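These notes concern the structure reproduced below.
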Amino acid sequence: MLSTPMNCISTVDDNGHFTVIHFDGLRQETLKDIVNALEKSYDYIRKFFRAPVINIPIFVFPDMHSFHLFVLGHDGETWLVGFGGRNGIKIVNPDVAHSYGMAREDIIKVVVHEMIHVFENLYGHSKIPVMSEGIALYFAEQKNINSIKTAIKNINEISEHLFKTQSCNELGGVRGAYSLAYTVIEYILENYGEEKLQLYFLSQSKEPFEILGTKEKEFIEGWKEYVRKIYD
């Protein structure tokens, strides 16, 4: 178990973008896969948030127990396998993903997801959870079509809460909302463009509608129509 990061091995990637702090048993192939996945998105995400080149620390924990103890100070929810913020990224070893009902590739995508939160926290402004989680899901290519299709059945009810949740836990507590957050970003990019999406994330506004040049009701109705057309 990792007690403190100082007891671990520190590996810096060739470009100096990441310092991976990991336990001795982490496979070199897994280390390479983590860094390669991050490097593919690094420049794009950095430029989206208009951030300078920075080195992001990544802590890789051997199992869920050690991850939760270090990140939360106690055992947490089984779905929590990664966390990203101002102090870098903390994840569970992708090689043990199967023990938690996940694919190895799922945790590799979680690493990219959390990198987006790092840049957002450092160079963006506080946003409502559907936008913050939505952009991380979208840029990390975490599209769960089956979950989206299931959520569509209750999209009217979900939409009443989707833009009003004030925390990620609250968003996750609305069944189907997390999956649909992906489609909100997808809809904005297709109908309003990346420039407007970027403008929103770099602004101090929490609500996206004014920056997008629309009203909340009009946006939500347009988004629901889009989701039904694409996924139903």
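We use all heavy atoms of the structure for the numbers below, so side chains are in, but hydrogens, waters and symmetry mates are not. As the structure is a computational prediction, the values presented were derived from the model and not from experiment.
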Any heavy-atom pair between the side chains of [Y] and [X] that's under 4.5 Å?
{"X": "Gln198", "Y": "Arg50", "value": "yes"}
{"X": "Val81", "Y": "Asp106", "value": "no"}
{"X": "Ile56", "Y": "Phe119", "value": "yes"}
{"X": "Tyr42", "Y": "Ile54", "value": "yes"}
{"X": "Asn93", "Y": "His22", "value": "no"}
{"X": "Glu221", "Y": "Glu225", "value": "no"}
{"X": "Ser203", "Y": "His125", "value": "no"}
{"X": "Ile148", "Y": "Leu180", "value": "yes"}

Compare every heavy atom of [Y] with every heavy atom of [X], then report the nearest pair and how far apart it is.
{"X": "Gln142", "Y": "Ala136", "answer": "OE1-O, 3.9 Å"}
{"X": "Glu194", "Y": "Leu189", "answer": "CA-CD2, 3.6 Å"}
{"X": "Met131", "Y": "Ile188", "answer": "CE-CD1, 3.5 Å"}
{"X": "Ile220", "Y": "Ser159", "answer": "CG2-CB, 3.9 Å"}
{"X": "Gly82", "Y": "Leu80", "answer": "O-CD1, 3.3 Å"}
{"X": "Ser147", "Y": "Ser179", "answer": "CB-OG, 3.1 Å"}

What I want to check is whether the side chains of Asn55 and Thr19 have a donor and an acceptor closer together than 3.5 Å.
yes
Does the pair Val60 and Phe23 meet the rule for a side-chain contact (heavy atoms from CB on, under 4.5 Å), with working shown?
CA-CA 7 Å; Val60 183; Phe23 58 98; 4.2 Å; yes
Pairwise salt bridge (Lys or Arg N to Asp or Glu O under 4.0 Å) hits with a residue in residues 32-44, at least two apart
Asp33-Arg104, Asp43-Arg46
Could you give all pairs that pass the salt bridge (Lys or Arg N to Asp or Glu O under 4.0 Å) test and reach residues 116-138, with sequence neighbours left out?
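Those involving residues 116-138 do not exist here.
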Could you state whether [X] and [Y] fall into the same hydrophobic cluster, counting links through intermediate Ile, Leu, Val, Met, Phe, Trp or Tyr residues with side-chain heavy atoms under 4.5 angstrom apart?
{"X": "Phe83", "Y": "Val96", "value": "yes"}
{"X": "Trp223", "Y": "Ile211", "value": "yes"}
{"X": "Ile116", "Y": "Val53", "value": "yes"}
{"X": "Leu199", "Y": "Phe201", "value": "yes"}
{"X": "Ile34", "Y": "Val12", "value": "no"}

Using ring centroids (six-membered ring only for Trp), state whether Phe48 and Phe139 fall under 6.0 Å.
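Yes.
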Give, for atom [atom1] of [X] and atom [atom2] of [Y], the distance between the pair rounded to the nearest 0.5 Å.
{"X": "Tyr226", "Y": "Tyr231", "atom1": "OH", "atom2": "OH", "answer": "5.5 Å"}
{"X": "Ile185", "Y": "Leu137", "atom1": "CD1", "atom2": "CG", "answer": "9.0 Å"}
{"X": "Asn15", "Y": "Leu38", "atom1": "CG", "atom2": "CG", "answer": "11.5 Å"}
{"X": "Ser41", "Y": "Lys109", "atom1": "OG", "atom2": "NZ", "answer": "11.0 Å"}
{"X": "His17", "Y": "Asp13", "atom1": "NE2", "atom2": "CG", "answer": "7.0 Å"}
{"X": "Glu210", "Y": "Ser205", "atom1": "CD", "atom2": "OG", "answer": "6.5 Å"}

More than 12 heavy atoms of other residues, nucleotides or ligands under 6.0 Å from NZ of Lys215: yes or no?
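Counting neighbours around NZ of Lys215, 12 or fewer heavy atoms of other residues, nucleotides or ligands fall under 6.0 Å, so no.
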Does CG belonging to Asn156 count more than 12 external heavy atoms closer than 6.0 Å?
yes
Using the rule given for ring-ring contact (aromatic ring centres under 6.0 Å, His included), can you reason through Tyr192 versus Phe209, listing the C-alpha separation, both sets of side-chain angles and the distance that settles it, and then say yes or no?
CA-CA 11 Å; Tyr192 297 90; Phe209 311 110; 9.6 Å; no
Ring geometry between [Y] and [X] (parallel below 30°, tilted from 30 to 60°, perpendicular above 60°):
{"X": "Tyr182", "Y": "Tyr138", "result": "tilted"}
{"X": "Phe61", "Y": "Phe59", "result": "tilted"}
{"X": "Tyr187", "Y": "Phe219", "result": "perpendicular"}

When you check the gap from the basic side-chain N to the acidic O, do Glu157 and Arg175 get nearer than 4.0 Å?
no
Pair Phe163-Ile128, side-chain contact (heavy atoms from CB on, under 4.5 Å): steps then yes or no:
CA-CA 7 Å; Phe163 292 91; Ile128 54 177; 3.9 Å; yes
For the backbone of Gln166 and the side chain of Glu170, can you confirm whether one donor and one acceptor N or O come within less than 3.5 Å of each other?
yes
I would like to know whether Ile135 and Leu197 meet side-chain contact (heavy atoms from CB on, under 4.5 Å); could you show each step before the answer?
CA-CA 9 Å; Ile135 197 168; Leu197 182 67; 4.3 Å; yes
